[in-house]
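Report on the structure given below.
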Protein chains: 2
Amino acid sequence: MATLRDVAQAAGVSPATASRALSAPDSVSSGRRFKVLEAAQRLGYQPNRSAQALASGRNRHLGLVLPDLANPYFATIAKGVQLEARESSNAVLVADTDEDPRREHDVVRELQTRVDGVVLCSPRMPEEQILECAARGPLVLVNREIEGIPSVTFDVASGMRQTLLHLRALDHRTIAYVGGPETSWSDRHRRRGLDSVAGITVIDLGPHRPVHAGGFAAADLALETGATAVVCFNDLVALGVVSRLQSRGVAIPSGMNVVGFDNIPGSTYVTPALTTVAVPLQRAGREAAMLLDPSLSPADAAPAQLRLDVELIIRESTAPLTPAP
Amino acid sequence: MATLRDVAQAAGVSPATASRALSAPDSVSSGRRFKVLEAAQRLGYQPNRSAQALASGRNRHLGLVLPDLANPYFATIAKGVQLEARESSNAVLVADTDEDPRREHDVVRELQTRVDGVVLCSPRMPEEQILECAARGPLVLVNREIEGIPSVTFDVASGMRQTLLHLRALDHRTIAYVGGPETSWSDRHRRRGLDSVAGITVIDLGPHRPVHAGGFAAADLALETGATAVVCFNDLVALGVVSRLQSRGVAIPSGMNVVGFDNIPGSTYVTPALTTVAVPLQRAGREAAMLLDPSLSPADAAPAQLRLDVELIIRESTAPLTPAP
DNA sequence: GTGAAAGCGCTAACAT
DNA sequence: ATGTTAGCGCTTTCAC
């Protein structure tokens, strides 16, 4: 394998010049630059990443920690991180914590020994642990906000408000909300939108596991309340609600309206297709990765806290309460 | 940040001994080992990965290349790779190719500059390009076999045979097969199982895109043939077939049976739950990562070609053709 | 703009 | 079992 020395020698310049020709082309006269590039090409030169990293103190590796790679929500964020990473010639180290918040802390620390910065999607890790991790190296939060740490979140309160306005316009007056994990930033902020619309009564069905199975129990509760629509913490839960309602013989939307959150791919595949709040997951991943780029964030600036807009997508699972005659 | 020298000094030993105490404990007397470990602990020593990598020539990084992270099929494989990597104290660099086979080659090569070995899930990259990549460094294929390259695949022909036997037992005599991409190893091998069961006529519906949308067109074709059951290349397609049939008013399983492949999580969420062939995706990821461990594979041995067993999971989308009276 | 030289922090012969 | 020594391949002052 050809080294930089070989290239320099072949080009008749010093290793320093060869290095510069490759990484800071403008600081080398065009003649020599050309010779170096040509030699590198000819010898099939591939820089040794480890040596670069050791000498420069930077890896060009980004870390990404998330609860579950097989969850389309997180997978989509991961795609966004990848996309941005590739454009800034970084690589992404992904670590899945298997939904175990206790494991997250160790995973982050382990990753921090290997990367220049970490994107952390951790709905449940205790705040003080996150602060501790942030002290060890650059870190950006996704879907959660902590004072003093850069983050990318979604304006879910607005999403909730849009949802309620939509349902009210369809003549619904009593709706049920299937909550997510109690400790989640994301659920707290959805709830902030719950009382933002006059003329709608919201029945709180309490916290539920944010997965398909969580929707089963919730569906039965919803039916009991007399609500005409059920709004769910996320699409996975909403899908569970739909399944359960259908198997109990309740038609959607005629017997009950259902709204999800997130707009994961599965929300369009189900029948009826789910009305849901689209959150720009991939964009969030990109933005998070960008916030990690040191050249873009002067160290003295306040940590950026992005709040991305969301949009209600109306599909088949919501309809006027009483259809026109 | 404390370095190994600092630790050595604090423990009153040479850097070499300190290094050994940490990485090959048995080669150091227990007294000194203890002192080193204690000093490391006290100073909060964290080895510098770049330096280790440069000196040893190994990164403890594994690469994983796949078409689409948001596809549950690949996401599950990724989880398996992660699991095994963690146990062997490796980290995983994931690269998504956005389903673009032309991009795969570059992505793999880029990754190979950063990792000790690559797990490649690439249904469509041309064989010669894969061979070229394999020549550059350790590489294991998943869900594809190429002579001379270690791989982990599934016995999908057996899965197909199990499916046909099941359908025959339910009195089906004519079934339709919705194929996947023509060039895919995986589709070729499914087809090998197609003629393995006597007494069943299989109508080939031709290649389809292996996603939900692909199932729509296929559903209409299937209806036209008079088949009583449709077997699909994968669950995503099967889900599409189900959607389309239902929206055309065909009940499942009474009007048509549907079988998928892969047993992705979504296959249980749909109504009716999908009969499908479960393939051990996570296990495949693990095995692939293990094959990459140099300590387990003597360089002179023939490349391992694992073929994992699959199992038909019978759910609600298949039923006897003519129910008992 | 260019080169010489000094490391980055660690591992692995080699010698003892 | 331990220490000495030499790099691994690159980046980056510093002087010119």
Side-chain angles (χ1 to χ4, degrees), chain A residues 1-40 43-61 89-91 112-116 136-137 294-295, chain B residues 1-40 43-61 89 91 112-116 137 294-295:
Chain A
M1 185 98 274
T3 74
L4 189 60
R5 286 178 73 110
D6 301 333
V7 174
Q9 210 153 15
V13 303
S14 75
T17 299
S19 173
R20 286 189 274 251
L22 294 166
S23 57
D26 294 339
S27 65
V28 170
S29 72
S30 66
R32 301 189 173 209
R33 180 185 11 183
F34 180 81
K35 293 181 92 119
V36 170
L37 265 31
E38 186 276 329
L43 300 180
Y45 170 70
Q46 294 276 106
N48 178 315
R49 301 269 181 188
S50 306
Q52 287 184 314
L54 179 57
S56 69
R58 291 189 53 199
N59 250 340
R60 301 210 143 271
H61 286 1
S89 46
N90 279 102
Q112 283 183 312
T113 70
R114 304 178 183 256
V115 303
D116 300 327
R136 289 181 184 278
S295 62
Chain B
M1 183 98 278
T3 74
L4 188 60
R5 288 177 72 111
D6 301 333
V7 174
Q9 211 151 16
V13 302
S14 76
T17 300
S19 172
R20 285 189 275 251
L22 294 166
S23 57
D26 293 339
S27 66
V28 170
S29 74
S30 65
R32 299 187 178 214
R33 181 186 6 177
F34 180 80
K35 292 181 92 127
V36 170
L37 263 32
E38 186 277 330
L43 300 179
Y45 170 70
Q46 295 277 107
N48 179 315
R49 302 267 182 189
S50 307
Q52 288 184 314
L54 179 56
S56 70
R58 293 190 51 200
N59 249 340
R60 301 209 141 273
H61 285 1
S89 46
Q112 282 182 314
T113 69
R114 305 178 182 254
V115 303
D116 300 327
S295 62

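No hydrogens, no waters, no symmetry mates; every other heavy atom, side chains included, goes into these values. If you're wondering where the values come from, they're calculated on a predicted model, not measured in any experiment. Chain identifiers are assigned alphabetically (A, B, ...) following the order of the sequence lines, protein sequences preceding nucleic acid strands; residue numbering begins at 1 within each chain.
- Under 4.0 angstrom from either OP1 or OP2 of dG3(D) there lies at least one side-chain N or O belonging to Arg32(B).
- Of the residues in residues 7-29 of chain B, those placing a heavy atom less than 4.0 Å from an atom of DNA chain D are Val13(B), Ser14(B), Ala16(B), Thr17(B), Arg20(B), Ser27(B), Val28(B), Ser29(B), in numerical order.
- Considering only heavy atoms from C-beta on, His61(A) stays 4.5 Å or farther from Arg49(A) through its side chain.
- Remark: C1' of dA6(D) and CZ of Arg5(B) are 14 Å apart, rounded to the nearest angstrom.
- One can place CD of Gln52(A) at 21 Å from P of dG7(C), the figure rounded to the nearest angstrom.
- Checking side-chain atoms of Asn59(B) against main-chain N and O of Asp116(B) turns up no donor-acceptor pair under 3.5 Å.
- Atoms CZ (Arg49(A)) and P (dC10(C)) sit 22 Å apart, rounded to a whole Å.
- In this structure, Leu37(B) and Leu22(B) have side chains that are in contact, with non-hydrogen atoms separated by less than 4.5 Å.
- With contacts defined as side-chain heavy-atom distances shorter than 4.5 Å, the pair Val28(B)/Val36(B) does not qualify.
- Look at CD on Gln46(A): it is 14 Å from C1' on dG9(D), rounded to the nearest Å.
- Note that CZ of Arg5(A) is 13.5 Å distant from OG of Ser19(A), once rounded to the nearest 0.5 Å.
- Between the NZ atom of Lys35(A) and the P atom of dT2(C) there is a distance of 12 Å, given to the nearest Å.
- Of the possible donor and acceptor atoms, none in the side chain of Asn48(B) sits under 3.5 Å from a partner among the backbone N and O of Thr3(B).
- Distance CG (Asn48(A)) to P (dG9(D)): 6 Å, rounded to an integer number of Å.
- Among dT12(D), dG9(C), dC10(D), the nucleotide with an atom closest to any side-chain atom of Thr3(A) is dC10(D).
- Screening residues 8-21 of chain A for salt bridge (charged side-chain N to carboxylate O under 4.0 Å, His left out) gives no qualifying pairs among residues at least two apart or on separate chains.
- Overall, the helix from dG1(C)-dC16(D) to dT16(C)-dA1(D) carries an axis bend of 30° between its ends, with five pairs at each end and the value rounded to 10°.
- Between the CZ atom of Arg58(B) and the C1' atom of dG9(D) there is a distance of 19 Å, rounded to whole Å.
- Distance Leu54(B) CG to dC8(C) C1': 9 Å, rounded to the nearest Å.
- Here the closest heavy-atom approach between residue Arg114(A) and residue Ser89(B) is recorded as NH2-O, 3.2 Å.
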